[in-house]
Amino acid sequence: METAHRLARSLRVATSSLLRREEVVKPVAEPWRPLQEAVEHPPGQPDEEPSIDGARSSLPALRSAFFKNHLQEVSALLVPLLRDVDVLGDGEEARALRAHALQIAGSVLTQASQFGAAETALSRAADAAPDRLRAASVRTTWTWLLVRQGRLAEAREMATRWADEVEPRISRATTEELAAWGWLLLQVSAASLRDNRAGEAQDAMRLARSVAVMTGKELPRGDSRLATWGPVTVAYKNAERGIVLDRPDEVLKVADQLKAVGPAASTEFHRHRMDVARAHVMMRQYGEAVDVLSEVRAQAPEWLAEQRSARDVMAEVVQHRRTLTPGMRELADEVGVPM
């Protein structure tokens with residue numbers, strides 16, 4: 001994707017015009033097969049009749065594991081829950097529970113690069129969503145999936161359409177309405193930037209910053225949202241531009257400004273730290289990049305193991321370092337870089 005973007009900038013064309021998506025069905029990785037089957041196949045008859053209260057009582061443990069990036073635990077909790085919510089009917093609360101569980105499934109499967117099952121989960125979540133805020137949250141996750149697949153034009157169009165759909169009347173907007181709108185603006189910016197539409201990306205980011213100022217603080221994850229929202233989240237996403245635009249010094253500058261902010265402040269913390277590691281590699285600061293990856297591994301080892309960017313960073317380290325410490329070798333093995 002980064003190579004395609006550099007070519008697009010040189011040729012002054014949209015990145016998406018240089019990408020051709022191959023419709024290849026890849027086998028599902030074994031750890032994710034039970035979740036994929038729960039998403040894609042009709043449920044069997046449960047041993048006990050599920051209930052709204054029972055499904056609702058499963059959410060705290062599921063959300064806790066999800067926000068701690070314990071992906072295998074999330075998968076194990078989701079499989080029985082998805083089968084339960086599938087047979088709860090079409091009442092508003094049943095639909096909300098189904099949409100929430102399917103959105104989490106779509107997010108986890110996206111992180112695990114199981115894109116086909118992820119899209120099925122998010123399509124079903126969008127269909128089940130009982131209100132605009134839940135639907136907007138699902139589309140936020142879905143546009144991220146599309147960006148991960150290189151479907152940049154589709155991602156930009158979806159995010160733009162839904163940002164227009166949920167744009168609130170500012171004088172009456174609730175914080176949740178602002179958060180839903182702001183996240184979609186961030187997705188417009190992310191997709192546009194990668195599609196070599198720098199002007200559109202800058203306009204969307206500027207507006208997202210304004211929405212964060214209106215919000216006034218970092219909002220915790222809500223019932224509809226799977227992510228925090230506020231000035232810290234926007235700062236992390238703005239720093240990400242430095243990776244796409246080959247300006248690693250800007251990423252490190254933001255990291256220095258926000259060094260007192262820990263992982264509890266924003267759901268985007270670990271993604272930002274991955275950007276910091278990539279920025280160090282871009283500046284040939286390989287030891288510093290490994291230090292950042294080691295920090296992320298200590299906090300979120302399962303999440304790190306699924307990150308393509310972690311493999312890219314360690315591949316650069318292995319290629320350019322004359323000698324590797326035992327810790328570097330262990331890290332390379334954990335993220336899947338052959339030695």
side-chain contact (heavy atoms from CB on, under 4.5 Å) between Leu152 and Arg156, worked out: CA-CA 6 Å; Leu152 302 178; Arg156 182 173 53 84; over 6 Å; no
Hydrophobic cluster identity match, Val166 and Leu133, side-chain contacts under 4.5 Å: no
Nearest non-hydrogen partners of Gly230 and Ala212, listed with the distance: C-CB, 3.8 Å
Close side-chain approach of Leu193 and Glu200, heavy atoms under 4.5 Å: no
N/O donor-acceptor pair under 3.5 Å between Glu177 side chain and Thr174 backbone: yes
Glu268 and Thr228 side chains, donor-acceptor separation under 3.5 Å: no
Nearest non-hydrogen partners of Ala128 and Arg95, listed with the distance: O-NE, 3.0 Å
Closest approach of Ala208 to Val234 (non-hydrogen atoms, all atoms of both residues): O-CG2, 4.1 Å
Ser294 (side chain) donor-acceptor with Val290 (main chain) under 3.5 angstrom: yes
Side chains of Gln187 and Trp144, donor plus acceptor under 3.5 Å: no
Same cluster (ILVMFWY, side-chain, under 4.5 Å), Val138 and Trp181: yes
Arg148 side chain to Thr110 backbone, donor-acceptor under 3.5 Å: yes
CH2 on Trp229 to CG on Leu219, rounded to 0.5 Å: 9.0 Å
same_hphob_cluster(Leu185, Val213) at 4.5 Å side-chain heavy-atom cutoff: no
Smallest separation among heavy atoms of Ile243 and Ala279, with atom names: CD1-N, 3.8 Å
Spacing of Arg151 atom CZ and Leu146 atom CG [to the nearest 0.5 Å]: 5.0 Å
Over all atoms of both residues, closest heavy-atom pair of Val281 and Ala289: CG2-CB, 3.6 Å
Euclidean distance, Ser51 OG relative to Asp84 CG, rounded to 0.5 Å: 8.0 Å
Whichever hydrophobic residues join Phe269 through chains of side-chain contacts under 4.5 Å: Val232, Tyr236, Val254, Leu258, Val261
Ion pair Asp256/Lys259, N-O distance below 4.0 Å: yes
Approximate separation, where rounding is to 0.5 Å, of Met158 CE and Leu145 CG: 8.5 Å
Verify same cluster id: Leu122, Leu184 (apolar side-chain graph, 4.5 Å): yes
Between His280 and Glu288, a side-chain donor and acceptor under 3.5 Å: no
Cluster link Val337 to Met328, ILVMFWY, side chain under 4.5 Å: yes
side-chain contact (heavy atoms from CB on, under 4.5 Å) evaluation trace for Leu293 with Val335: CA-CA 10 Å; Leu293 287 187; Val335 299; 5.8 Å; no
Distance-only polar pair, side chains of Glu306 and Ser113, donor-acceptor under 3.5 Å: no
Glu250 side chain to Arg241 backbone, donor-acceptor under 3.5 Å: no
Salt-bridge criterion met for Glu40 and Arg33 (N-O under 4.0 Å): no
Exceeds 12 heavy-atom contacts within 6.0 angstrom, atom CZ of Arg56: yes
From NE2 (His100) to CG (Leu81), nearest 0.5 Å: 9.5 Å
Check: Glu119 main-chain N/O paired with Ser123 side-chain donor or acceptor under 3.5 Å: no
Nearest heavy-atom neighbours spanning Ala105 and Leu82: CB-CD1, 4.3 Å
4.5 Å side-chain heavy-atom contact, Val85 and Pro50: no
Between Thr175 and Thr215, a side-chain donor and acceptor under 3.5 Å: no
Single hit among Gln307, Gln299, Glu295 for side-chain hydrogen bond (donor to acceptor under 3.5 Å, both in side chains) with His270: Gln299
Any donor-acceptor N/O pair, Arg225 side chain to Ala227 backbone, under 3.5 Å: yes
Flag side-chain contact, heavy atom, 4.5 Å: Gln72 against Trp32: yes
CZ/Arg206: more than 12 non-hydrogen atoms of other groups inside 6.0 Å: yes
Glu240 and its salt bridge (Lys or Arg N to Asp or Glu O under 4.0 Å) partner, picked from Arg194, Arg247, Arg271, Arg273: Arg194
Short N-O contact, Asp90 and Arg98, less than 4.0 angstrom: yes
Whether Arg132 side chain and Glu165 backbone form a donor-acceptor pair below 3.5 Å: yes
Value rounded to 0.5 Å, distance of OG in Ser107 from CG in Leu226: 6.0 Å
Stepwise side-chain contact (heavy atoms from CB on, under 4.5 Å) test for Asp333 and Arg329: CA-CA 6 Å; Asp333 182 63; Arg329 293 179 180 277; over 6 Å; no
Trace of the side-chain contact (heavy atoms from CB on, under 4.5 Å) decision for Arg139 with Trp183: CA-CA 10 Å; Arg139 262 65 179 206; Trp183 256 110; over 6 Å; no
pair Pro130-Arg134: side-chain heavy atoms closer than 4.5 Å: yes
Ser192 side chain to Ser189 backbone, donor-acceptor under 3.5 Å: no
Check: Gly54 main-chain N/O paired with Ser57 side-chain donor or acceptor under 3.5 Å: yes
By ring pair (Phe, Tyr, Trp, His ring centres under 6.0 Å) - contacts of Tyr286 (at least two apart): His320
Beyond-backbone contact of Glu302 with Asn69, side-chain heavy atoms, under 4.5 angstrom: no
